[in-house]
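Read the structure below first, then the notes.
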Amino acid sequence: MSQANLGRVIERTADPQRVALFGIDGDGQARQVSYGELDAQADALARGLLAAGHRAGERIALLALNSVDYIAALLGIMRAGLVAVPVNLKLPAAQLNFIVADSGATRILCDQARLAQAPQAIPAHAFGTPGYAALLDPGPLAAFEPGPQDQALLLYTSGSTGRPKGVRLSHASHRWVIDTRIKATPVGQERLLIAAPLYHMNALALALLALASHATTVLLPQFSARAYLDAIDRYRCTWLTAVPPMIAMMLREQQLLGATDLSSVRVVRMGSAPVSPGLLAQIRQLLPTARVINAYGTTEGGPVVFGPHPDGIATPMHSVGVPHPQVELRLVDGEGGEVAANVDGELQLRSAGMMLGYHRRPELRPFTDDGYYATGDVFRRDEQGFHSFVGRRDDMFVCGGENLYPGDIEKALERHPAVQQASVVPVPDDIKGAKPVAFVVRRAGPRPASEDELRQFSLQHLAAYQHPRRVWFVDALPLTTTQKIDRRALVEQAQRLLGA
């Protein structure tokens, strides 16, 4: 057995009859699979791919909603020494085709609904069809033995600022991630719920951690607030992972929330985007006995970055923690010098969980000369070492000579009791260069706030130059395909509204 192979995360000395996955389909029906069955399915695909002539290092694309078959295929591809390429199926056809071509994938594994989306130039097999069954070759497998630089995964970023970038991840880096997380976060006795897409690191890393921990996972094909709440109730889920917009949408289901038993939930891990104090307070009100983890990670740098304070000091509500003991961190200014406490700086990190680099993009230089990954995320560190997310360096804009980070303004607006979510974007201004405007989702309640009230509220909690010049109310904020707020769409919407 190859313990170094990321596809071999299942511990074969543990109970093979334990339920590995409850795979829920679009109709709410569950497919239950044990660890022994999942292990055999992964081996069968690996043997079949090798018999079909694939060689170590070749790329195999995955184009499907979350499912048992997706997990088995992911493991099987890596066991064979091939590179799994999870593709964002919500992308426009041109970007989807670009990713498949850019990755150099020589085969596509997909679900039946996505078969028509698959580029015709390479073979594609849909889960559950005779063609896919013919690819499988049941039997024992001697898994590929990877070296330190051998690649396991190729994950593409969303491409919101240009064409998608392929992030090359090694077997060694993400075995280190799993081993490190298991020691800090034992989940073997938990029942985890995953609804975020497996082509995104948030869900993918947790799925691998759950399998390595021999835990039971409830896997939704994709997120919907009603299905998410039903799964918690029906399967008594204890561990949730989500991004803030998912929880915000769940909180809007007031009637269903009142009829759902959420008492099983013990941990909520929030990641991929900052959690506002207002949203955090609502989660704690809804799940008073659950521990809320405000987490941070990147596809390039991995999910192991911050952790609890070594002296047991409680992590402040707004913070993601202190540097993990096995991760080197620094905050730097525009000149590359390290900044003092309570001064904004770009986060740079170095650890065993980092990517190998970008696929076929030699013009990009994500690493510093001394080997740190420059994240592009701006943080602030307090005197006790706790780090708090300020915003993306790319999101920062200048208003009248002052640097503005949308996150600072959003946090202020979300302190208002009538605000559920806020998103701030820049629009052009003849005098200031750019000025902030805000989109707000109101919280359910008897008294909605007005635009003028929120502008006056922001002036009480922010510098005058930071306050949003306009506030528009929306039912929901637009999301990208990875469930993050789509700021580019909001900029376009703001310009249309101002033009009108």
Go through H416 and F457 one step at a time and tell me if the ring-ring contact (aromatic ring centres under 6.0 Å, His included) criterion holds.
-> CA-CA 8 Å; H416 192 285; F457 180 83; 4.9 Å; yes
Dump the intermediate steps for side chain to side chain contact (heavy atoms under 4.5 Å, CB included) on T238 and V267, then the final yes or no.
-> CA-CA 6 Å; T238 64; V267 177; over 6 Å; no
Please lay out, stage by stage, how V218 and I194 fare under the test side chain to side chain contact (heavy atoms under 4.5 Å, CB included).
-> CA-CA 6 Å; V218 178; I194 296 178; over 6 Å; no
CA sep, side-chain torsions, deciding dist, call: M78, L153, side chain to side chain contact (heavy atoms under 4.5 Å, CB included) | CA-CA 8 Å; M78 295 189 292; L153 295 161; 4.0 Å; yes
Going through the checks in order, is the side chain to side chain contact (heavy atoms under 4.5 Å, CB included) test met by N202 and V243?
-> CA-CA 8 Å; N202 181 295; V243 296; 4.1 Å; yes
I would like to know whether D452 and S450 meet side-chain hydrogen bond (donor to acceptor under 3.5 Å, both in side chains); could you show each step before the answer?
-> CA-CA 5 Å; D452 185 62; S450 67; 5.5 Å; no
Start with the C-alpha gap between E190 and R269, add the side-chain angles, then the distance that decides, and say whether salt bridge (charged side-chain N to carboxylate O under 4.0 Å, His left out) holds.
-> CA-CA 13 Å; E190 306 289 353; R269 186 182 189 275; over 6 Å; no
Apply the test ring-ring contact (aromatic ring centres under 6.0 Å, His included) to residues Y228 and F223: give CA-CA distance (whole Å), side-chain angles for both, the deciding distance (0.1 Å), then the verdict.
-> CA-CA 7 Å; Y228 196 79; F223 176 79; 5.3 Å; yes
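Of the N and O atoms on the side chains of Y156 and D102, at least one donor lies less than 3.5 Å from an acceptor on the other residue. No hydrogens or angles considered: nothing links the side chains of S170 and Q151 as a donor-acceptor pair under 3.5 Å. No hydrogens or angles considered: a donor-acceptor pair under 3.5 Å links the side chains of D377 and Y296. Between the side chains of E383 and N342, at least one donor-acceptor pair of N or O atoms lies under 3.5 Å. Between the side chains of N294 and T315, no donor-acceptor pair is found at a separation under 3.5 Å.
A salt bridge does not link E453 to R455: none of the charged side-chain nitrogens sits closer than 4.0 Å to a carboxylate oxygen. The residues R392 and D394 are annotated as salt-bridged, a charged nitrogen and a carboxylate oxygen being separated by less than 4.0 angstrom. Using a 4.0 Å cut-off between charged side-chain N and carboxylate O, E346 and R393 make a salt bridge. Using a cutoff of 4.0 Å between basic side-chain nitrogens and carboxylate oxygens, E300 and R350 are not scored as salt-bridged. Between D430 and K435, no side-chain nitrogen of the basic residue sits less than 4.0 Å from a carboxylate oxygen of the acidic one, so the salt-bridge criterion is not met.
With a 4.5 Å cut-off on side-chain heavy atoms, L356 and Q149 count as touching. At a threshold of 4.5 Å between non-hydrogen side-chain atoms, the residues T157 and V167 count as touching. Put simply, the side chain of L204 reaches to within 4.5 Å of the side chain of L155, judged on heavy atoms. Contact of the L220 side chain with the L65 side chain is not registered, since no non-hydrogen atoms from C-beta on lie closer than 4.5 Å. Between P436 and L404 there is a side-chain heavy-atom pair separated by less than 4.5 Å. Taking the side chain as every heavy atom from C-beta outward, I122 and T106 never approach each other to under 4.5 Å. Looking only at side-chain heavy atoms (C-beta outward), Q495 and V491 come within less than 4.5 Å of each other. Residues R487 and P406 meet the side-chain proximity criterion, which asks for heavy atoms closer than 4.5 Å.
Although no hydrogens or angles enter the test, the distance criterion places no donor-acceptor pair under 3.5 Å between the side chain of Q222 and the main chain of N66. Between the side chain of D333 and the backbone N or O of V339, no donor-acceptor pair lies under 3.5 Å. A side-chain donor-acceptor contact under 3.5 Å links R59 to the backbone of S103. Under a 3.5 Å cut-off, the side chain of S173 and the backbone N or O of L169 do not form any donor-acceptor pair. D311 contributes no side-chain N or O that, together with a main-chain N or O of I313, makes up a donor-acceptor pair within less than 3.5 Å.
Interatomic distance, Q493 CD to L477 CG, rounded to the nearest 0.5 Å: 9.0 Å. With rounding to the nearest 0.5 Å, the separation of CD in E410 from CG in D395 is 8.5 Å. To the nearest 0.5 Å, atoms CG (L286) and CD1 (I283) are separated by 8.5 Å. Atom CZ of R226 sits about 14.0 Å away from atom CE of M249, to the nearest 0.5 Å. Here the CD-CD distance, from Q456 to Q460, works out to 7.5 Å after rounding to the nearest 0.5 Å. Rounding to the nearest 0.5 angstrom, the gap separating the CG atom in L63 from the SG atom in C110 is 6.0 Å.
Ring-plane geometry between F439 and W472 is classed as tilted, the angle between the planes lying from 30 to 60 degrees on a 0 to 90 degree scale. Using cut-offs of 30° and 60° for the angle between ring planes, the F379 and F389 rings count as perpendicular.
Within 6.0 Å of the CG atom in L364, the count of heavy atoms belonging to other residues, nucleotides or ligands exceeds 12. The neighbour count for E363 CD, taken as heavy atoms of other residues, nucleotides or ligands under 6.0 Å away, is above 12. The 12-atom threshold is exceeded at CZ of R361, counting heavy atoms of other residues, nucleotides or ligands nearer than 6.0 Å. Counted within 6.0 Å of CZ on R291, heavy atoms from surrounding residues, nucleotides or ligands total 12 or fewer; the atom is thus considered open. Atom CG of D369 has 12 or fewer heavy atoms from other residues, nucleotides or ligands within 6.0 Å. D475 CG: 12 or fewer foreign heavy atoms inside a 6.0 Å radius. The number of heavy atoms from other shown groups lying within 6.0 Å of CD (Q254) is above 12.
Just one residue in the list V440, L454, L413, V425 forms a side chain to side chain contact (heavy atoms under 4.5 Å, CB included) with P468, and that residue is L413.
For the pair P303 and H174, the tightest heavy-atom approach, listed with the atom from each and the gap, is CD-CE1, 4.3 Å.
A cation-pi arrangement is absent between R168 and Y358, since the terminal nitrogen or guanidinium carbon is not both under 6.0 Å from the aromatic centre and inside a 45° cone about the axis. Cation-pi geometry between R381 and F386 is not satisfied (NZ or CZ under 6.0 Å from the ring centre, within 45° of the ring normal).
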